[in-house]
Amino acid sequence: MPESPDQERIRSHLERDVLAWWSDHGADDHVGGVRTCFTNRGVPLSSEKYTWSQGRWAWTCALVADEIDAGHLHGDAALWRDRSARTAEFLATHAFLPDGRTSFRLSETGEHLADENGEYATSVFADLFAVLGLAGAIRTGGEQAPAWRDQARRTMLVADTSLREGTARTAPYPVPSGFRDLAGPMTAMHVAAELHRAAPSDDVSEVVARAHRALLGGETPFLGLDAWWEYRPESTTDHDTLLARHVTPGHLLELLWMFVHVGDELPELRVPEALLESLALRALETGWDEEEGGLLRYVDRETGGKPAGRLLETPYESLVQRTWDTKLWWVHAEAMYATALLAHRTGSSELERWSGRVRDYTLATFPDPDGKEWIQIRSRDGSPLDEVVALPVKDPMHIARSLLLLNRIGREIPTPNTEGSERD
């Protein structure tokens with residue numbers, strides 16, 4: 001089947017500008033893993049390796065290999081499969097601690113690096129992304145796959161327990177006491193589903209189902225026709241806080257495509273298309289910047305625009321206030337794929353219009369004009385903003401992942417779905 005102009009545009013940009021840049025500048029094909037400590041302009045800063053990024057790279061490399069094998073991309077599948085396996089082995093050898101958690105930071109060659117308090121395991125998200133990386137590498141069929149599977153399963157269950165008990169650490173921004181964050185069950189659901197896809201097991205599928213229930217079930221779900229919490233307060237007395245009032249449109253859009261993927265893997269967890277469409281439109285309408293275009297990073301869930309509310313004086317609130325109107329790579333990469341996928345699955349003409357609007361803004365704003373991947377951090381008007389967001393790294397996953405998945409849409413023949421969705 002010949003490529004459409006949009007497919008050719010996405011594939012060409014992915015191959016020439018994104019994957020080529022990471023191959024030339026990021027991939028550590030000698031030690032294993034990826035170098036990510038670059039400025040917003042791609043200038044190297046450090047040789048340290050954040051476990052968070054290493055896991056994302058291992059999984060992304062496996063996806064690149066899959067897409068080349070499927071005929072969706074040009075390239076050397078064996079090279080990308082080897083990169084995934086080498087990074088997984090780097091993680092398995094160096095990142096994991098005796099209790100199943102991971103060190104947040106490693107040296108270039110894998111030595112544990114402590115934070116300012118002398119601690120190593122400071123983020124459940126680093127643990128989960130390490131599991132994601134191993135899950136991708138397991139699918140490459142390397143001889144270490146059984147060991148990677150056992151380590152990934154152990155760490156997945158440790159992370160799941162800490163999230164449910166409210167003891168999970170979440171550097172660089174701790175979740176304040178009295179609140180639960182959307183990111184915890186969201187990431188756990190996605191990672192566990194990817195691990196189950198690579199190495200099916202009952203205990204891991206139960207993690208997927210529990211996280212799914214935490215997001216959509218119970219008396220106070222994170223999401224629903226009348227619910228959307230980024231930080232859900234445990235007490236109604238905190239509903240007036242900025243933590244409770246702010247939302248992250250890009251996060252919700254990313255989660256919606258994850259729901260679709262989980263439902264494809266585990267049909268009993270399919271989310272009704274009407275709910276997916278409703279939530280997507282709410283995220284887009286609430287988050288779109290009518291003045292400058294693009295999606296704002298954070299907005300007020302009730303009024304849109306700058307988040308308001310009573311402050312608890314936490315570092316995360318300072319982040320929200322300081323960066324609410326920035327335009328970020330991951331928000332727009334995820335929004336591109338989510339809107340395209342949901343339009344494809346639901347047949348919604350409104351989502352189709354939004355898909356084109358998001359894609360046109362994103363591809364006109366973020367790609368580096370010199371072909372050096374993307375300038376990932378932008379100010380409200382779209383100009384480059386040279387500051388650190390969360391971690392002092394250039395992210396190796398969101399852009400490549402979204403372009404890889406976006407490139408796949410339309411190249412696969414949809415199959416009938418009789419469980420509440422028009423198409424698979």
Side-chain angles (χ1 to χ4, degrees), residues 18-19 21-23 25-37 47-69 73 75-97 100-110 123-156 159 187-188 190-199 204 261 330 391 393-405:
V18 177
L19 297 181
W21 190 90
W22 284 103
S23 287
H25 301 279
D28 186 346
D29 292 335
H30 176 63
V31 175
V34 64
R35 304 176 187 91
T36 61
C37 293
S47 62
E48 292 178 358
K49 291 177 175 175
Y50 285 79
T51 295
W52 184 312
S53 297
Q54 304 309 306
R56 290 178 169 198
W57 176 248
W59 185 87
T60 301
C61 290
L63 179 59
V64 173
D66 289 344
E67 293 301 290
I68 294 171
D69 283 341
L73 289 180
D76 184 346
L79 170 66
W80 288 97
R81 195 171 292 111
D82 183 63
R83 283 175 172 163
S84 178
R86 282 177 177 271
T87 305
E89 190 56 24
F90 178 83
L91 284 167
T93 301
H94 300 292
F96 292 93
L97 299 168
R101 297 183 297 166
T102 66
S103 279
F104 190 64
R105 287 188 308 140
L106 303 169
S107 72
E108 183 176 19
T109 53
S123 176
V124 70
F125 297 112
D127 303 339
L128 289 170
F129 288 126
V131 172
L132 182 67
L134 296 184
I138 289 167
R139 295 189 289 101
T140 68
E143 62 181 20
Q144 296 300 316
W148 297 337
R149 176 200 62 208
D150 293 345
Q151 181 65 71
R153 186 176 296 162
R154 181 186 180 208
T155 298
M156 185 73 249
T187 309
H190 171 60
V191 171
E194 284 298 311
L195 179 56
H196 184 268
R197 180 163 75 98
V204 173
H261 285 219
W330 72 263
L391 299 180
V393 301
K394 188 174 178 69
D395 171 62
M397 179 186 72
H398 284 286
I399 298 165
R401 178 176 71 180
S402 291
L403 292 173
L404 285 159
L405 297 174

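Position 1 is the first residue of the sequence, and the numbers go up from there.
Listed by chain and residue number, nothing satisfies the ring pair (Phe, Tyr, Trp, His ring centres under 6.0 Å) test with W59 (two or more places apart in sequence, or in another chain). With sequence neighbours excluded, the residues forming a side chain to side chain contact (heavy atoms under 4.5 Å, CB included) with H190 are L132, E194, W257, M258, R401, listed by chain and number. Taking the side chain to side chain contact (heavy atoms under 4.5 Å, CB included) definition, one finds that T109 meets it with S107, E111, sequence neighbours left out. In this structure, the side chain to side chain contact (heavy atoms under 4.5 Å, CB included) partners of A88, at least two apart in sequence or on a different chain, are L134, A137, W148. Applying the side chain to side chain contact (heavy atoms under 4.5 Å, CB included) test to R105 and every residue at least two apart in sequence or in another chain returns E48, Y50, L113.
Under 4.0 Å is where a charged nitrogen must lie from a carboxylate oxygen, and between R154 and D150 no such pair does. Note on K49 versus D28: salt bridge recorded, some NZ/NE/NH1/NH2 to OD/OE distance being below 4.0 Å. Using a cutoff of 4.0 Å between basic side-chain nitrogens and carboxylate oxygens, R86 and D29 are not scored as salt-bridged. One finds no salt bridge joining D127 and R101 here, because no Lys/Arg side-chain nitrogen approaches an Asp/Glu carboxylate oxygen to under 4.0 Å.
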- Message: If you apply the rule side chain to side chain contact (heavy atoms under 4.5 Å, CB included), what do you find for D395 with S53, and how did you get there?
- Response: CA-CA 7 Å; D395 171 62; S53 297; 5.6 Å; no
- Task: Starting from the C-alpha separation in whole Å, work towards a yes-or-no answer on side chain to side chain contact (heavy atoms under 4.5 Å, CB included) for L404 and V64.
- Result: CA-CA 7 Å; L404 285 159; V64 173; 3.7 Å; yes
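Side-chain contact check for R83 versus S23: some heavy-atom pair is nearer than 4.5 Å. Two residues are said to be in side-chain contact when any heavy atoms from C-beta on lie closer than 4.5 Å; K394 and W22 meet this criterion. Between F129 and T51 the shortest side-chain heavy-atom distance does not fall below 4.5 Å. In this structure the side chain of V34 never reaches within 4.5 angstrom of the side chain of T60, judged on heavy atoms.
A135 approaches A198 most closely through the heavy-atom pair O-CB, 3.3 Å. Scanning both residues, W57 and G33, for their nearest heavy atoms gives NE1-O, 3.5 Å. When all heavy atoms are compared, the tightest approach of G75 to I68 is O-CG2, 3.4 Å. Nearest heavy-atom pair across G100 and T155 is O-OG1, 2.7 Å. Taking both residues in full, the closest heavy atoms of V204 and A192 are given as CG1-O, 3.2 Å, listed atom of the first, atom of the second, then distance.
Separation of atoms CH2 (W80) and CD (E67) is listed at 13.0 Å; rounding is to 0.5 Å. For the atom pair I399 CD1 and W330 CH2, the distance stands at 12.5 Å (nearest 0.5 Å). To the nearest 0.5 Å, atom CG of residue L195 and atom CZ of residue R149 are 10.0 Å apart. In this structure, the separation between CG on L106 and NE2 on H94 is 8.0 Å, given to the nearest 0.5 Å. With rounding to the nearest 0.5 angstrom, the CD atom of Q151 is 9.5 Å from the OG1 atom of T102. Atom-to-atom distance recorded for L19:CG and L403:CG is 8.5 Å, nearest 0.5 angstrom.
For the side chain to side chain donor-acceptor pair (under 3.5 Å) condition, the pairs that include at least one residue of residues 137-146, sequence neighbours left out, are D66-R139.
Between the side chain of S84 and the backbone N or O of A58 there is at least one donor-acceptor pair closer than 3.5 Å.
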